[in-house]
Protein chains: 2
Amino acid sequence: MTPGALRIREAAARLFYERGIHAVGVDLIAAEAGVTKKTLYDRFGSKDQVVVEYLAERDERWRDFLARRLAEAEPGPVHQVTAVFDASKAWMGESSPKGCSMVNAHAEISDPSHPAHAVITGQKAWMLGLFTDLAREITPTAATQLGRSLTLLHEGALVAHGMKTFPDPIGHARHQAQLLMTGARNTAGKP
Amino acid sequence: MTPGALRIREAAARLFYERGIHAVGVDLIAAEAGVTKKTLYDRFGSKDQVVVEYLAERDERWRDFLARRLAEAEPGPVHQVTAVFDASKAWMGESSPKGCSMVNAHAEISDPSHPAHAVITGQKAWMLGLFTDLAREITPTAATQLGRSLTLLHEGALVAHGMKTFPDPIGHARHQAQLLMTGARNTAGKP
DNA sequence: ACCAGGGTATACCGATCTGTATAGTCACTG
DNA sequence: CAGTGACTATACAGATCGGTATACCCTGGT
């Protein structure tokens, strides 16, 4: 990826997230990247492709960020799950006041055959899988259920964070997740 | 509201929800409503105003729908909360496969001073208030906490429904909400 | 008989949209 | 030194954007 292409993707990421995908034109992206429109089309071919690479890079960055945080956190499924919420809070707090970019992009992309659609649903499926895998270590018999509950809490917290429904929703979700997990562990140990 | 204005609002509601606000032009709205653009601007004055009235009407319809369902449901805070999830499932199932229109609109409206912003955050604050009021009847000491947890579960379920993250997320959230409430009631009764 | 209100039909405005074309600059590399 | 890849600059195409203007039609109420 050439330096110009990198700057294009960075500018597009910032503008798409702050103003919305349809509200940002390619002329503005090129200007903000200090690049001509020809360069943009030489590197990406279409605006849709810029959108796809914006989302794909954001997804990759998030997974790397999360993996690092999980590696630093204490082992064990309960600590790992709370570490996911801690990572989300850090991620959203530093540069994502408008909520989850995947959720926001999904609102603007109606066509399910759009290549960006797979990136969006892919991340959500991956998060569900992550929570379910950790849940399996807590309660093998009810892993699916616990994984889904954690996913809902997490998703709701991201939206509530973006909408400022109440203060620190991710911290609240983290606490609620803890209660959920200790509850599941206790009932799982019973006959 | 004149018949033409009604048709405009109905057409705009369908198009905005299905394709996104920025992706739909006033020409298309007028054509789908069987109305000229002049009528649209005579009645609403601007596209922004059409957006506001679309969201305001949706908000009002949802509150009426929910009020009717709550009145029909069994009394008592636990039954009322589960009735909220049942109402959401019915509401989303019949004509809202793309998730919450307020969340989707929020993704497209960056300016917090946009009049639609108040409608969106207003509904979310109202839902939080509703859950918190019901939570207060279950556990007066932890009503805020329970109300917020129910809000997160509900919000997450709406998003997961729109993204098809897993089957029947609203039904799952309903079940999880029940566990949460019985748990809160038991711990609330303890010294 | 009148006239206001809700509407149609059509044309237009300037701006912006995605995308393309032409021509030229610069740095690196075989 | 020739060639290539990444880039700039500028202009343009065709469509669509939100919004306005002019002129006319029809119905209901007083």
Aromatic plane relationship, Tyr54(A) with Phe16(A) - under 30° parallel, 30 to 60° tilted, over 60° perpendicular: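 Tilted: the ring planes of Phe16(A) and Tyr54(A) meet at 30° to 60°.
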
Nucleotides bounding contact with chain B, strand DNA chain C, heavy-atom threshold 4.0 Å: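 On DNA chain C, the outermost contacted nucleotides are dG6(C) to dA9(C).
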
Point-to-point distance, once rounded to the nearest 0.5 Å, from OG1 of Thr139(A) to CD of Gln145(A):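 Output value for this atom pair is 8.5 Å.
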
Angle by which the axis turns from one end of the helix from dA1(C)-dT30(D) to dG30(C)-dC1(D) to the other, five pairs per end, to 10 degrees: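 Inter-axis angle at the termini of the helix from dA1(C)-dT30(D) to dG30(C)-dC1(D): 0°.
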
Nearest atoms (heavy-atom pairs only) where [X] meets [Y]:
| X | Y | value |
| --- | --- | --- |
| Ala116(B) | Val52(B) | N-CG2, 3.7 Å |
| Ile29(A) | Ala11(A) | O-CB, 4.0 Å |
| Ile8(A) | Leu40(A) | CD1-CA, 3.6 Å |

State which residues pass side-chain hydrogen bond (donor to acceptor under 3.5 Å, both in side chains) with [X]; sequence neighbours excluded, sorted by chain then number.
| X | answer |
| --- | --- |
| His154(A) | Ser88(A) |
| Asp64(A) | none |
| Gln123(A) | Asp59(A) |

Interatomic distance, Leu40(B) CG vs dC17(D) C1' [rounded to whole Å]: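 Taking atom C1' of dC17(D) as the reference, CG of Leu40(B) is at 14 Å.
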
Contact residues, residues 46-53 of chain B to DNA chain C [heavy atom, < 4.0 Å]: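 Going residue by residue through residues 46-53 of chain B, none turns out to have a heavy atom under 4.0 Å of DNA chain C.
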
Contact residues, residues 21-29 of chain B to DNA chain C [heavy atom, < 4.0 Å]: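 DNA chain C contact set from residues 21-29 of chain B: none.
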
Only distances under 3.5 Å count here; give the side-chain donor-acceptor pairs of residues 94-102 of chain A to other protein atoms, sequence neighbours excluded, each with its distance to 0.1 Å.
{"residue": "Ser96(A)", "atom": "OG", "partner": "Arg58(A)", "partner atom": "NH2", "Å": "3.1"}
{"residue": "Ser101(A)", "atom": "OG", "partner": "Arg58(A)", "partner atom": "NE", "Å": "3.3"}

Side-chain hydrophobic cluster, 4.5 Å single linkage: members besides Met1(A):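 Once heavy-atom contacts under 4.5 Å are chained together, Met1(A) belongs with Leu6(A).
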
Arg61(B)/Glu57(B) ion pair, N-O < 4.0 Å: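 Between Glu57(B) and Arg61(B) there is a salt bridge, with a charged N closer than 4.0 Å to a carboxylate O.
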
pair Val159(B)-Lys124(A): side-chain heavy atoms closer than 4.5 Å: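 No - every pair of side-chain heavy atoms lies 4.5 Å or more apart.
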
Under 3.5 Å: donor-acceptor pair, side chain of Arg185(A), backbone of Ile138(A):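 No, the answer is negative, given that no donor and acceptor are paired below the 3.5 Å cut-off.
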
Side chain to side chain donor-acceptor pair (under 3.5 Å) pairs, two or more places apart, involving residues 18-29 of chain A: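 Checked against side chain to side chain donor-acceptor pair (under 3.5 Å) - neighbours excluded - the pairs reaching residues 18-29 of chain A are His22(A)-Glu108(A), Asp27(A)-Lys37(A).
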
Side-chain donor/acceptor pairs under 3.5 Å, residues 125-134 of chain A, sequence neighbours excluded:
{"residue": "Thr132(A)", "atom": "OG1", "partner": "Leu128(A)", "partner atom": "O", "Å": "2.6"}
{"residue": "Asp133(A)", "atom": "OD1", "partner": "Arg136(A)", "partner atom": "NH1", "Å": "3.1"}

Contact state string [nucleotides 3-10 of chain D, B base, S sugar-phosphate only, - no protein heavy atom under 4.0 Å]: ---SSBB-

